[in-house]
Amino acid sequence: QVQLVESGGGLVQAGGSLRLSCAASGRTFSTSAMGWFRQAPGKEREFVTTINWRSGSTYYADSVKGRFTISRDNAKNTMYLQMNSLKPEDTAVYYCAQSRKIEYYISAFRTAAKYESWGQGTQVTVSS
């Protein structure tokens, strides 16, 4: 089992930036993809972005394309989410997730059900 811990959330003004981290520990050898999801009050959990752990292929939700960048350091078992040009609508709890499923297309990891392990979440608040 993999343990995931998010960090880096906080309060920023619109237009600002934050960098989230997700540190993985435990058995990480079988990781196929990791991703970021977010959930705002009263809304369903929403896909943000995902990365193939082996190839580095990425996929982004339309709402964050051009503003967010996902990356990973395989040697450190750490994933990052660089968030720029933040908007109030980005306010949410951001969750890190890990999948061991084998999929041909990275887009398959848009679905939360594809992930087996989840972090506790980190709050991102963007003020107007």
Side-chain angles (χ1 to χ4, degrees):
Q1 186 65 31
V2 173
Q3 295 79 48
L4 305 173
V5 179
E6 303 98 332
S7 62
L11 174 64
V12 297
Q13 295 185 32
S17 298
L18 281 175
R19 188 184 190 228
L20 306 184
S21 297
C22 174
S25 61
R27 296 186 177 273
T28 62
F29 294 156
S30 61
T31 300
S32 60
M34 293 187 69
W36 291 97
F37 289 74
R38 65 187 183 186
Q39 188 166 23
K43 296 184 178 179
E44 296 181 349
R45 188 164 297 188
E46 175 189 27
F47 168 76
V48 177
T49 181
T50 186
I51 186 167
N52 183 295
W53 207 249
R54 299 177 181 87
S55 72
S57 297
T58 60
Y59 191 89
Y60 295 88
D62 289 342
S63 59
V64 305
K65 285 181 180 177
R67 300 188 298 119
F68 291 9
T69 303
I70 189 172
S71 62
R72 90 285 199 231
D73 187 331
N74 299 69
K76 296 181 178 180
N77 291 316
T78 302
M79 177 177 66
Y80 307 95
L81 182 64
Q82 179 66 47
M83 306 187 297
N84 299 325
S85 302
L86 283 163
K87 306 174 181 179
E89 50 262 45
D90 295 318
T91 296
V93 176
Y94 283 70
Y95 296 93
C96 169
Q98 180 254 17
S99 177
R100 297 180 294 277
K101 292 183 170 64
I102 303 300
E103 299 284 353
Y104 189 79
Y105 299 107
I106 187 65
S107 59
F109 294 100
R110 294 175 295 176
T111 303
K114 296 292 185 180
Y115 298 85
E116 295 86 27
S117 300
W118 295 81
Q120 84 289 351
T122 186
Q123 177 71 48
V124 172
T125 303
V126 184
S127 63
S128 301

Can you tell me how far apart [atom1] ([X]) and [atom2] ([Y]) are? Round to the nearest 0.5 Å.
{"X": "Tyr115", "Y": "Met34", "atom1": "OH", "atom2": "CE", "answer": "9.0 Å"}
{"X": "Lys65", "Y": "Arg67", "atom1": "NZ", "atom2": "CZ", "answer": "13.0 Å"}
{"X": "Tyr80", "Y": "Trp36", "atom1": "OH", "atom2": "CH2", "answer": "10.5 Å"}
{"X": "Gln98", "Y": "Asn77", "atom1": "CD", "atom2": "CG", "answer": "10.0 Å"}
{"X": "Thr31", "Y": "Arg72", "atom1": "OG1", "atom2": "CZ", "answer": "11.5 Å"}
{"X": "Tyr59", "Y": "Ile51", "atom1": "OH", "atom2": "CD1", "answer": "15.0 Å"}

Original post:
What are the two closest heavy atoms between Trp118 and Ala112, and how far apart are they?
Top reply: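 That closest heavy-atom pairing would be CZ2-O, 3.5 Å.
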**OP:** Considering non-hydrogen atoms only, spot the tightest contact between Ser17 and Ser85 and give its length.
**Re:**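 Where Ser17 meets Ser85 most closely, the heavy atoms are OG-N, 4.3 Å.
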Subject >> Among Val12, Leu11, Leu18, the one residue meeting side chain to side chain contact (heavy atoms under 4.5 Å, CB included) with Val126 >> reply: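 Exactly one candidate clears the test, Val12.
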Original post:
Crowded around Gln13 CD? As in, over 12 foreign heavy atoms under 6.0 Å?
Top reply: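 Counting neighbours around CD of Gln13, 12 or fewer heavy atoms of other residues, nucleotides or ligands fall under 6.0 Å, so no.
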Original post:
Does NZ in Lys76 sit with more than 12 non-hydrogen atoms of other residues, nucleotides or ligands closer than 6.0 Å?
Top reply: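 No, because the 6.0 Å sphere around NZ of Lys76 holds 12 heavy atoms or fewer from other groups.
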Under a 3.5 Å distance rule, please check whether [X] uses its side chain to pair with a backbone N or O of [Y] as donor and acceptor.
{"X": "Ser32", "Y": "Lys101", "value": "yes"}
{"X": "Asn74", "Y": "Trp53", "value": "yes"}
{"X": "Glu6", "Y": "Cys22", "value": "no"}

Subject >> Whether Phe37 and Phe47 hold their rings parallel, tilted or perpendicular, with breakpoints at 30° and 60° >> reply: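 If you compare the ring of Phe37 with that of Phe47, the planes turn out perpendicular.
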**OP:** Indicate the ring-plane relationship of Tyr94 and Phe68, choosing parallel, tilted or perpendicular according to the 30° and 60° boundaries.
**Re:**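 Plane angle between 30° and 60°, so tilted.
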Tell me, do [X] and [Y] make a side-chain contact under 4.5 Å, heavy atoms counted?
{"X": "Arg100", "Y": "Ser117", "result": "yes"}
{"X": "Ile70", "Y": "Tyr60", "result": "yes"}
{"X": "Gln3", "Y": "Val5", "result": "no"}
{"X": "Leu4", "Y": "Val2", "result": "yes"}
{"X": "Asp90", "Y": "Met83", "result": "no"}
{"X": "Ser99", "Y": "Glu116", "result": "yes"}
{"X": "Arg38", "Y": "Leu81", "result": "no"}
{"X": "Glu46", "Y": "Ser63", "result": "yes"}

